[in-house]
Every structure is written in structure tokens, then in C-alpha cells.
Amino acid sequence: MKAQLPTHPLRAAADLDPLLNTIGDARIVLLGEASHGTSEYYRWRTALSKRLIQEKGFQFIAVEGDWPDCFEVNQAIKQDEMSAGSAARLLQTFDRWPTWMWGNWEIAALVEWLHQHNRNLASGQKVGFYGLDVYSLWESLQEILHYVEKQGDGAVKAAHKAFSCFEPYSNDPQEYAQAVAFVSEDCQDEVSEMLRALRRQPPTTTGVDGLGRELDFAAEQNALVAVNAERYYRAMLQGGSSSWNVRDRHMMETLTRLLDLHGPDSKAIIWEHNTHIGDARATDMADDGMVNVGQLAREAYGREQVFAVGFGSYEGSVIAGKKWGAPFEVMSVPQATRGSWENYLHEQLQGDNALLLSTELRSETALLNRSLGHRAIGVVYRPEFERYGNYVPSIIPERYDAFLFIDKTQALHPLPTQADEHTPPDMYPWTE
């Protein structure tokens, strides 16, 4: 007979009490998801984020999204009235495929809550919402141009030179990647000089509702995105782990910058896929030389300051595309394969949801030392081929500090956003 794992019921937000107690005084809480298109993952992350903000004083949420779009949300939720009129309209700024990741009704509910929560707080205490990702090369370049031209400072020349370098590639990341793969010239020097020029500028001292410091930070962050995005697209065609590592190291650098911006006592909530927040060293990712945010955060801040929460389900439905850039669909998620982590939990719980804590799981030494297949669904998904590429071998109690299991899930509820035709290329279809 299989060992019965220690579990806690998971039915309502109050059932998160054992999790809040175990998180304790951790500075960084990483909240995962086993897909980018499952409603329950978003709703449970929202429930936990609200409690972390209200009960433990967390200052911001940072997500696996583009910096310019997320910063627009950040500015809106810190105003008395959102300029777009509603969260649903505001989130249509996420118009690059996969639009549903952040342009959905579940996130609209969170954004509305953040806006209402912030209305009762002083300017310096308002909770922020930021993007960690590296994909927004051209959007970030455009934001920098607007910023430097408005400021009229010495970075204008460097910004225009960087923007001009990319213009021949018609806003197409793949075209740039292919160009630099076959010629020696690229735009690395231009974006690096732009970042240095911005960092030399004196800080802005004023801004709407005291947001001047954040606006300066955002300009420098957009320049950092341009530098690392250029590196990402150059690495993309090389294959292997190089481009993945550029991306996750950028997300970790952004998280560190955000913590520094908010002060030495700041606390961060991170929303990303399980493959980013669960320590890569406890998976077969490490065999391929891949690192991720979960590993890097533990190394930088210490394990006691970083708490990772994984998510997963046994069956249900999900929003995804059959190939990169394809229209999204509601797809069936088949029952988890036999011998997998999700199948193990389903057989024990018989349809119930549960919270599991790794401090309790470690008493099960056989499970601690055993690598189990753990499902990972990305924005590209083909259910009929799931068993061949959607399970990441994982030592669960080492990969996460806690796990939320929802036996049967349903698809996310996307907003009706028209996708922009320019999308970043796909490197790892099982996660991204």
C-alpha cells in the first residue's frame, strides 16, 4: 500500500491558515501554476496574495509578464480613478500573444481589488504590480524614447541610436535573431550605451502622485529589458539552455531591483509558471544546465527568506494554443499519467483538493528521495501528446515549500483582446 501523505483540506481562503503560518517571515513568496490557462490557479493565487498583503505587509506583486504593460497597470491601480475606466479595459494593453495570460477576468478581479485597496493608502504605501519578463524589446525601446524626449536629457542621442539599430528588423524578434546568427554586427553596443546613459541621468524629483521615482526606475528598467532581450534573441538560435538562462536571470535581476526600490524591509509576491518558481536543482532541468528564479532567489536571499508554492491538478480544461501564435482554445486536460505526482495525489484524495507542506512531506523519506513526473502545461499544448513531453521529473519537497492540489480544474476566462501580430518566438513549448 502506498504511504498516505500528510495533507490539509483546501476549500476556502481560511484553509490557507497553515500555509500563512509556515510562510512566516519569508521576504519572497513565489506562487506557481502548472499551466498558463487554468482559472483555479489564478483564483487561489489571488486569495493567497490578498492575505499576504493584508496580514503580512507585502508591497508588490511581480508576474511573468512584460514590463511596459504591467507598469501601465501599476500606475493605474495607484490612482484614485483608473484612466481606462475599468480593469477589463485596462488589461487589453496585454495585446501580444498569449493575450489571455494577463488579459483575463480572473486578473481583472485582482486588479480591481488592488485599486480599491490602494485608495485607502498613502502614496508610498500603495501595493504595486510589475512585470519581470524580457520579451518586450520594441515596446521598451519606444517607452524609453518617450521618456528621454519628455525629459530632454543627455540620453536622447543614445536612445535614438539604439532604436535605429533595430528598425531594419521591422519589430520582428525572429528576424533579428536570424540576422545576428549569420552576421557579426548586432545592436548589443547600442542598447548597452543607452542603459549607461540613463543611469548617468539625475533622478526626477517630482511626478504625478509622487510617482517620479518609479518613472525613473521604469525608464532604466526598460533599458535593462532592451539589453537582456537583445542577448536573449541572439542566444535563441544557439539552442540549449542559453536563452532560458538569460530570461530567468533577467527576471531575477528585475526582482532584486524591485526589492531594492521598495526598501530593505520590502516583501515580494511572484506569479510565474512552476518551471520558473520551483527550484530547478530538484528537477531534470539541472541536467541541461538550466537555472530558474526559484533557484536563483534561494541562492541570493537564503532558503529561509524564499517560500515557493507549486500548483497542480489531475484533470479538467485549460486555455492554450495548438502552436505558437495560434488562436486560443479551451482544451481538455486528460487524467494525469499513472505514476505521476498528480496521479499519486488523486488516488489518495479521491477527488478532494488539498494543501501539502514540504516540512511535513519530508517525513516521507521515500518520496523525498524519489523523482516523480510532475505535469507542466504551457501556452502551447497538444493534449494528445501530453505523456511525451509535459511531465518534469521532480523531487517535490525540494522543488517547493508547499503545494496546492486542485483535483479538477477549469479553463481561464480570457478577455476579448485582439492579439498583435508580433510575438516572441517559442523556445520551450511545454512551459512558454
Side-chain angles (χ1 to χ4, degrees), residues 33-43 45-46 61-77 82-112 114 129-140 142-143 170-174 222 225 229 232 247 251 271-273 275-276 317-331 333 376-383 409-432:
E33 57 181 351
S35 86
H36 287 312
T38 299
S39 180
E40 284 82 358
Y41 301 154
Y42 283 72
R43 290 191 279 121
R45 289 189 299 186
T46 292
I61 298 172
V63 306
E64 188 181 338
D66 291 337
W67 176 266
D69 293 339
C70 291
F71 192 69
E72 187 172 335
V73 174
N74 175 69
Q75 289 181 290
I77 62 175
M82 281 193 287
S83 57
S86 70
R89 291 194 188 94
L90 174 65
L91 293 175
Q92 291 188 24
T93 188
F94 294 96
D95 63 353
R96 185 168 56 219
W97 197 94
T99 60
W100 68 87
M101 265 186 68
W102 305 113
N104 59 68
W105 288 105
E106 286 81 353
I107 289 294
L110 171 63
V111 169
E112 291 282 6
L114 288 169
F129 185 91
Y130 307 99
L132 297 173
D133 225 328
V134 74
Y135 286 139
S136 61
L137 175 57
W138 281 272
E139 293 86 348
S140 290
Q142 289 165 349
E143 290 293 326
S170 304
N171 295 358
D172 188 331
Q174 286 181 301
N222 277 313
V225 168
Y232 174 85
R247 184 172 173 229
M251 291 195 284
W271 286 32
E272 293 187 317
H273 197 280
T275 49
H276 293 297
S317 60
V318 69
I319 289 286
K322 288 183 178 177
K323 63 180 181 178
W324 194 262
F328 67 75
E329 302 177 34
V330 177
M331 301 181 185
V333 177
I377 297 172
V379 292
V380 174
Y381 183 49
R382 297 293 294 270
T409 53
Q410 63 176 327
L412 199 64
H413 300 89
L415 294 167
T417 303
Q418 181 66 39
D420 188 287
E421 63 179 0
H422 300 298
T423 64
D426 178 28
M427 293 303 298
Y428 296 91
W430 44 270
T431 58
E432 301 309 324

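Side-chain atoms of Asn74 come within 3.5 Å of backbone atoms of Phe129 as a donor-acceptor pair (strictly under, hydrogens ignored). A distance-only check finds no donor-acceptor pair linking the side chain of Thr38 to the backbone of Ala411 [under 3.5 Å]. At least one donor-acceptor pair closer than 3.5 Å links the side chain of Glu112 to the backbone N or O of Ala87.
Judged purely by distance below 3.5 Å, without hydrogens or angles, the side chains of Ser39 and Glu106 pair a donor atom with an acceptor atom. Side-chain atoms of Thr93 and Glu72 form a donor-acceptor pair, as typed in the model, at a separation below 3.5 Å.
Expressed to the nearest 0.5 Å, how far CH2 of Trp271 lies from NE2 of His276 amounts to 15.5 Å. The structure places CZ of Arg247 at 10.0 Å from CG of Leu132, a figure rounded to the nearest 0.5 Å. Atom CH2 of Trp102 and atom CG of Asp133 lie 9.5 Å apart (nearest 0.5 Å). Rounding to the nearest 0.5 Å gives a distance of 12.5 Å between NE2 of His413 and OH of Tyr42. Thr46 contributes atom OG1, which lies 4.5 Å from atom CG of Leu110 (distance to the nearest 0.5 angstrom). Note: Met101 CE to Ser35 OG = 10.0 Å, rounded to the nearest 0.5 Å.
Take Ala326 and apply the side-chain contact (heavy atoms from CB on, under 4.5 Å) test, not counting sequence neighbours, and it matches Lys323. With sequence neighbours excluded, the residues satisfying side-chain hydrogen bond (donor to acceptor under 3.5 Å, both in side chains) with Glu33 are His36, Arg45.
Classification of the Trp67-Tyr130 ring pair by plane angle, with boundaries at 30° and 60°, yields parallel.
With ring centers used as reference points, Tyr232 lies under 6.0 Å from Tyr135.
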